[in-house]
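Since the model is a prediction, treat every value here as computed from it, not as a measurement. A, B, ... follow the sequence lines: proteins, then strands. Residue 1 opens every chain.
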Protein chains: 2
Amino acid sequence: MSFRHKIIPMKTPNKTKFAILGLLTIEPLSGYDIKKFIDQTLSYFWAESNGQLYPALQELTKSKWISLKKPSFKEKKARKLYSITDLGLLELKKWLRSEEEKSVHRDEGLLKLFFGTNIDKEECMQHLKNRRARMKSRLTEFQSILHQLQKRSSPHHLYWLLTLYNGIHSVKAEIRWCNQSIKILEGRSS
Amino acid sequence: MSFRHKIIPMKTPNKTKFAILGLLTIEPLSGYDIKKFIDQTLSYFWAESNGQLYPALQELTKSKWISLKKPSFKEKKARKLYSITDLGLLELKKWLRSEEEKSVHRDEGLLKLFFGTNIDKEECMQHLKNRRARMKSRLTEFQSILHQLQKRSSPHHLYWLLTLYNGIHSVKAEIRWCNQSIKILEGRSS
DNA sequence: GATTACATGTAAGTTGTTACATGATTAA
DNA sequence: TTAATCATGTAACAACTTACATGTAATC
């Protein structure tokens, strides 16, 4: 005999909300703006889809962490501009100060390489060369963003630069690893 | 008036199945073995939970990509040993040869740093120091695995080494970036 | 007039985790 | 005999994506 307890799975905090809150500390934005900003600027380490974004905006409004600025009668567009509230800022800071949780990401390319014995060495090398090419074009992109960022200046600018550096360090390490791995595979007769 | 088409979202291929197939090319394994292997060896770039693993094993069996070896009457444990079938190997190879899909991972630490202006510089630095410490202990772990791996030898061994090198390159790049970022923040008066 | 970009949203699905249950085997 | 580990599995939920609908505004 055993007691049957109700299963109450621990909720993993919804980080989408904090991404939104963070962006609204820069300036009031619409859902559309937020999506664009994330796609253009955070995409290296963060992604959101509309299916998450818009419901999150509604929930944040309900819990008064953000508020809807009604468009002035001059404004032509039907866009909804959101601002962060004092409460929202408080919650954002709480999250910013909290310890990071480990998040395992899944790297399909590495999984394929791990099982590389099952296909030809040449096919593995081709995958590595493709990966290297992707990383190189990413590096070029990062460096052009770096150029633009170094010209501008805002309170946020320093931290944006740091996250960009992370991307640059990472892709450079990836490129070095691809080069090394390709060489190692080339050296193998089989 | 508009035609209302049935919504049939494109299925994103279930990679859990391929992780299982790949591991079964090494040797017949039970669900428990697979979980342990993934946790111990692939955890740097791959994770699975039991809630995915066991249903996947059943589906793979149903579609005849793997088969259940009935335990010999001598075997004491109630474990189910699975082997990959010819069909399964074919499908695995197909996947191994396919082009990699981009997968955006979410890095909560970078997201926090991006919004760093909202908290004290010292708090951001503390996050970076914690990250660096985590990366350093990961590096130590990788290096001890490297030691063990260099002693053993199997057809798979070379590819395992390559994925391990990827981890080593990555964490080293992370450590360098943490050091640089901490220095940059220290240099700031604000 | 047509096309592209702006703008908000939802239905339906897949994917993945958590927190259990259940029972066998092994070691102290 | 008690505890730990081995071993398989599931219910409930949370997270997330895709593929749409719907309409406005700007531009070619």
Side-chain angles (χ1 to χ4, degrees), chain A residues 1-20 28-40 43 46-61 66 68-71 74-82 101-106 108, chain B residues 1-20 28-40 43 46-61 68-69 71 74-82 101-106 108:
Chain A
M1 175 137 189
S2 72
F3 287 93
R4 174 80 173 164
H5 296 285
K6 211 170 186 176
I7 296 171
I8 304 166
M10 212 190 76
K11 272 199 216 177
T12 59
N14 193 337
K15 283 125 188 192
T16 297
K17 294 186 179 176
F18 295 109
I20 293 171
L29 295 168
S30 68
Y32 190 85
D33 294 334
I34 292 169
K35 183 61 165 52
K36 234 177 52 179
F37 196 109
I38 291 175
D39 287 349
Q40 289 176 357
S43 62
W46 205 259
E48 297 288 355
S49 64
N50 283 348
Q52 279 176 278
L53 186 59
Y54 284 100
L57 284 170
Q58 287 165 19
E59 286 165 41
L60 283 169
T61 306
I66 65 175
L68 184 57
K69 263 192 176 176
K70 267 159 201 154
K74 281 183 201 165
E75 281 180 294
K76 42 243 142 161
K77 299 209 186 171
R79 58 211 298 271
K80 293 177 165 187
L81 268 185
Y82 293 95
E101 290 165 55
K102 51 152 198 255
S103 67
V104 182
H105 77 270
R106 287 174 151 205
E108 195 181 340
Chain B
M1 177 143 188
S2 71
F3 287 92
R4 174 83 173 159
H5 295 288
K6 211 170 187 176
I7 296 170
I8 305 166
M10 210 191 77
K11 272 201 217 177
T12 59
N14 192 337
K15 284 124 186 194
T16 297
K17 294 185 178 176
F18 295 110
I20 293 171
L29 295 168
S30 67
Y32 191 84
D33 295 333
I34 292 169
K35 182 65 165 53
K36 234 178 52 180
F37 196 109
I38 291 175
D39 287 349
Q40 289 176 358
S43 61
W46 206 259
E48 297 289 354
S49 65
N50 282 348
Q52 280 176 278
L53 186 60
Y54 284 100
L57 283 170
Q58 287 165 20
E59 286 166 41
L60 282 169
T61 307
L68 183 59
K69 262 193 176 177
K74 282 181 199 164
E75 281 180 295
K76 42 247 139 160
K77 299 210 186 171
R79 58 210 297 272
K80 293 177 164 188
L81 269 185
Y82 292 96
E101 290 165 56
K102 51 153 197 256
S103 67
V104 182
H105 78 271
R106 287 175 152 206
E108 195 181 340

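- B/E108 meets the salt bridge (Lys or Arg N to Asp or Glu O under 4.0 Å) test with A/K15, B/K112; sequence neighbours excluded.
- Of the candidates D/dA7, D/dG9, C/dT8, the closest approach to any side-chain atom of B/Y32 belongs to D/dA7.
- Contact check for B/F37 versus B/Y32: no side-chain heavy atoms found under the 4.5 Å cut-off.
- For the pair B/K17 NZ and C/dG16 C1', the interatomic distance rounds to 15 Å; values are reported in whole Å.
- Atoms CG (A/D39) and P (C/dA5) sit 15 Å apart, rounded to a whole Å.
- Between A/G51 and B/G31, the residue anchored nearer the 5' end of DNA chain D, judged by the nucleotide with its closest heavy atom, is B/G31.
- Atom CG of B/N50 is separated from atom P of D/dC6 by 13 Å (rounded to the nearest Å).
- Remark: B/K17 engages B/E59 in a salt bridge, criterion side-chain N to carboxylate O under 4.0 Å.
- Rounding to whole angstrom units, NZ of residue A/K80 and C1' of D/dG23 are separated by 14 Å.
- Between the CG atom of B/D33 and the P atom of D/dG9 there is a distance of 13 Å, rounded to whole Å.
- Counting only heavy atoms from C-beta outward, the side chains of A/I34 and A/L53 approach each other to under 4.5 Å.
- Side-chain nitrogen and oxygen atoms of B/Q52 include at least one within less than 4.0 Å of the OP1 or OP2 phosphate oxygen of C/dT17.
- Contact annotation: B/S30 reaches the phosphate of D/dT8 (side-chain N/O to OP1 or OP2, under 4.0 Å).
- Contact annotation: the side chain of B/P28 approaches that of B/K69 to within less than 4.5 Å [non-hydrogen atoms, C-beta and beyond].
- Atom CD in A/Q58 sits roughly 18 Å away from atom P in C/dA7 (whole-Å rounding).
- Considering only the side chain of A/K36, C/dC6 comes nearest among C/dT8, C/dC6, D/dC16.
- Each of B/R106 and B/L57 was matched to the nucleotide of DNA chain D holding its nearest heavy atom; the match closer to the 5' end belongs to B/L57.
- Taking atom CG of A/N14 as the reference point, atom P of D/dT17 lies 12 Å away to the nearest angstrom.
- Per the geometry, CH2 belonging to A/W46 stands 11 Å off P belonging to D/dT17, to the nearest Å.
- Of the candidate nucleotides D/dA7, C/dT10, C/dC6, C/dT10 has the atom nearest to the side chain of A/Y54.
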